[in-house]
Structures are given as C-alpha cells and as structure tokens.
Protein chains: 2
Amino acid sequence: MEQTETLVQAGSAVEKTVELIGGKWKGLILYHLIAGEARFNQLRRLIPGVTQRMLALQLRDLEKDGLITREEYKMTPRRVGYRLTELGRSLTPVILLMKTWGEQYSASIAK
Amino acid sequence: MEQTETLVQAGSAVEKTVELIGGKWKGLILYHLIAGEARFNQLRRLIPGVTQRMLALQLRDLEKDGLITREEYKMTPRRVGYRLTELGRSLTPVILLMKTWGEQYSASIAK
DNA sequence: TCATCTGGTTACAAGAACGGTACCTCATCT
DNA sequence: AGATGAGGTACCGTTCTTGTAACCAGATGA
C-alpha cells in the first residue's frame, strides 16, 4: 500500500494549513490584514477581546511562519506596521472561503 | 465606527470554521471521508499515528458538531461507518483548498 | 514632574488538548 | 478454553494554549 504515503501527505497538508492559521486570533488578524497594512494598536481595536500579550504572540507566530512582515518606522510616537507577505496574501482565498462557510454554518445551526 | 461589528462577525466566522476543523486529526478525517464512508479501523489505517482514543474523541467532536454521522450496522464482526453529513460535505471546498494551499506552502518553504 | 501614547515583555496560573496504557464487549475461529 | 477482530471507554499524566496583571522604554504634552 504505497498509496498511504500520498494520502498522508495530502492530509498533512490540510493539517499544515490549520497549524498556521489555527491560533485563536490568527484568522482574524489575517482577515484584517487583507485590507492592507495595520499597526499594532489598530489591530487591537479591530479585534475586541484580544490582549496585548496574545496579539503580540500571534503576530510573532505569523511572522515566524512567513505570512506577515513587521516594519518598524522610526518616528515618535513609535509606529510598527504589519502586512501580509506574498505567501500570506496567497492565503486570502482560503480565509475568505472559511469566512463564507463559517457564516453559513452559523446560520444553519443558529436556527 | 459602526463597521467594527460587521468586521468582527466576519472575522469570528473564520474562527468558527477553524474551531470545527482545528483538532489535530479532524482535517485528515474529513479529507478521507470526502471519498465516502469509512469504518473506524479503516480510518485508523488511513491515518498513521492516530491512537484509538484520539480517533474516537475527534469523531465524537465532529459528530457533535454535525459534520459527520455515525452509523452502526448490526452484523458481526461489528461494523460502524462514518460519513459526511450534508453540512460536512459543504466543507469539501474548504478542505480541498486548504490541502492545495498546504502543499504549495510546504513546497515554498522546504526550498 | 507626572501622565500619556505606542508597542511591547515577563511572571504566573488555569484549562484545554493530547497521548499512553489498560481494559471492555460481542461474536467467531482454532 | 483461549485468541482474534471490530470498536470502543476509563484513568492518568504531560504539554500546549490562553489569560491576568504588572512592568518597561522613549518621547511628548500638561
């Protein structure tokens, strides 16, 4: 059964994607960055409920995984901008499809 | 900024989707069920590394969330089949898109 | 001088997720 | 009688994730 390996890799690809956007706030962050660059506190305001700590952690993760870039502007008050990398942008259809599905799902269970 | 609420809900829909397929083996299970019904031990064989316990747990979760159904056939040896519900099947494009993206991602970082 | 804004970090703790091992049931096979 | 296959559950421990709260730094405004 040499096919097993192929199937595993195919499946693992799904898991890989889930791993990258599976954090509690990552989907939300990526969704907001689709619109363009955002600053730290701007994201905090866009995502009610997220704490400084969690936002910072998830942004580090996304950066480490190559989905977003961090850009520090030398000005005062300090300004740091986050934006999608090309790879991150390639995830847009996935995010939007998940958003669409999630909305329909919510509609279908909250009957 | 009344828009915030709209954005939040849109974002939360993404999180909702992640929540449902975010378990360590759920993506894999759903992926295999796209092909059709599968039995418990068949899934075990298709998903190397999963333990009985974890497979059972994740199947319960998916069932609870209405993505799959469990059907017990009265025969011997005992047979239990799992298959996607209509809702679960509606997730197919998402799973496949995540699989495609995951494969490309793996290719783009394993340079 | 003190507070404020931006963008963080660190310490600590609780809870959820995950994993290993063992055990169970029913029926057939040997 | 004992082993085997299918499909689980129970118990227990570890690790991962998330959260709370406090603190830090540079520069500016009151």
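We name chains A, B, ... by the order of the sequence lines, and we start the count at 1 in each one. Only this structure's heavy atoms are used, side chains among them; waters, hydrogens and symmetry mates stay out.
- Note: Arg44(A) CZ to Thr51(A) OG1 = 8.0 Å, rounded to the nearest 0.5 Å.
- The distance between atom CD1 of Ile68(A) and atom C1' of dG7(C), rounded to the nearest whole Å, is 14 Å.
- Rounded to an integer number of Å, the gap from Gln52(B) CD to dA10(D) C1' is 13 Å.
- Residue Glu72(A) places no side-chain atom within donor-acceptor reach of the base of dG7(C), judged by atom type and a 3.5 Å distance cut-off alone.
- The distance between atom CE of Met54(B) and atom P of dT15(D), rounded to the nearest whole Å, is 16 Å.
- Comparing atom distances between the Arg78(A) side chain and each of dG8(C), dG20(C), dT18(D) picks out dG8(C) as nearest.
- Residue Arg45(B) places its side chain closer to dA6(D) than to any other of dG7(C), dT20(D), dA6(D).
- Contact between the side-chain N/O atoms of Tyr82(A) and the OP1/OP2 oxygens of dG8(C) is found at a separation under 4.0 Å.
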Query raised in the report: Can you check salt bridge (Lys or Arg N to Asp or Glu O under 4.0 Å) on Arg78(A) and Glu72(A), steps first, answer last?
Result: CA-CA 8 Å; Arg78(A) 198 179 165 193; Glu72(A) 204 156 335; 3.6 Å; yes
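- Side chains of Glu63(A) and Thr69(A) form no contact here, defined as non-hydrogen atoms less than 4.5 Å apart.
- Closest to the Arg39(A) side chain, of the nucleotides dG7(C), dG8(C), dA6(D), is dG7(C).
- In this structure the side chain of Tyr105(B) never reaches within 4.5 angstrom of the side chain of Leu91(A), judged on heavy atoms.
- Comparing dG8(C), dG20(C), dA27(D) by their closest approach to the side chain of Thr76(A) singles out dA27(D).
- Rounded to whole Å, atom C1' of dT18(D) lies 13 Å from atom CD1 of Ile29(A).
- Computed from coordinates, the Leu20(A) CG to dT17(D) C1' distance equals 16 Å when rounded to whole Å.
- Within 6.0 Å of CD in Glu86(B) there are 12 or fewer heavy atoms belonging to other residues, nucleotides or ligands.
- Side-chain N/O atoms of Lys24(A) include one lying less than 4.0 angstrom from OP1 or OP2 on dG19(D).
- In this structure, CG of Leu57(A) is placed 9 Å from P of dT18(D), rounded to the nearest angstrom.
- The separation between Glu19(A) atom CD and dC16(D) atom C1' is 12 Å, rounded to whole Å.
- The distance from atom CG of Leu20(A) to atom NZ of Lys64(A), rounded to the nearest 0.5 Å, is 8.0 Å.
- With rounding to whole Å, Leu55(B) atom CG is found 14 Å from dA6(D) atom P.
- Ranked by how close their nearest DNA chain D nucleotide is to the 5' end, Arg53(B) and Asn41(B) are led by Asn41(B).
- Judged by closest nucleotide on DNA chain C, Pro77(A) is the one of Ala56(A) and Pro77(A) placed further toward the 5' end.
- Annotation: the span from Arg39(B) atom CZ to Glu71(B) atom CD amounts to 13.5 Å, rounded to 0.5 Å.
- Using a 4.0 Å cutoff on non-hydrogen atoms, the parts of residues 58-65 of chain B near DNA chain C are Gln58(B), ordered by number.
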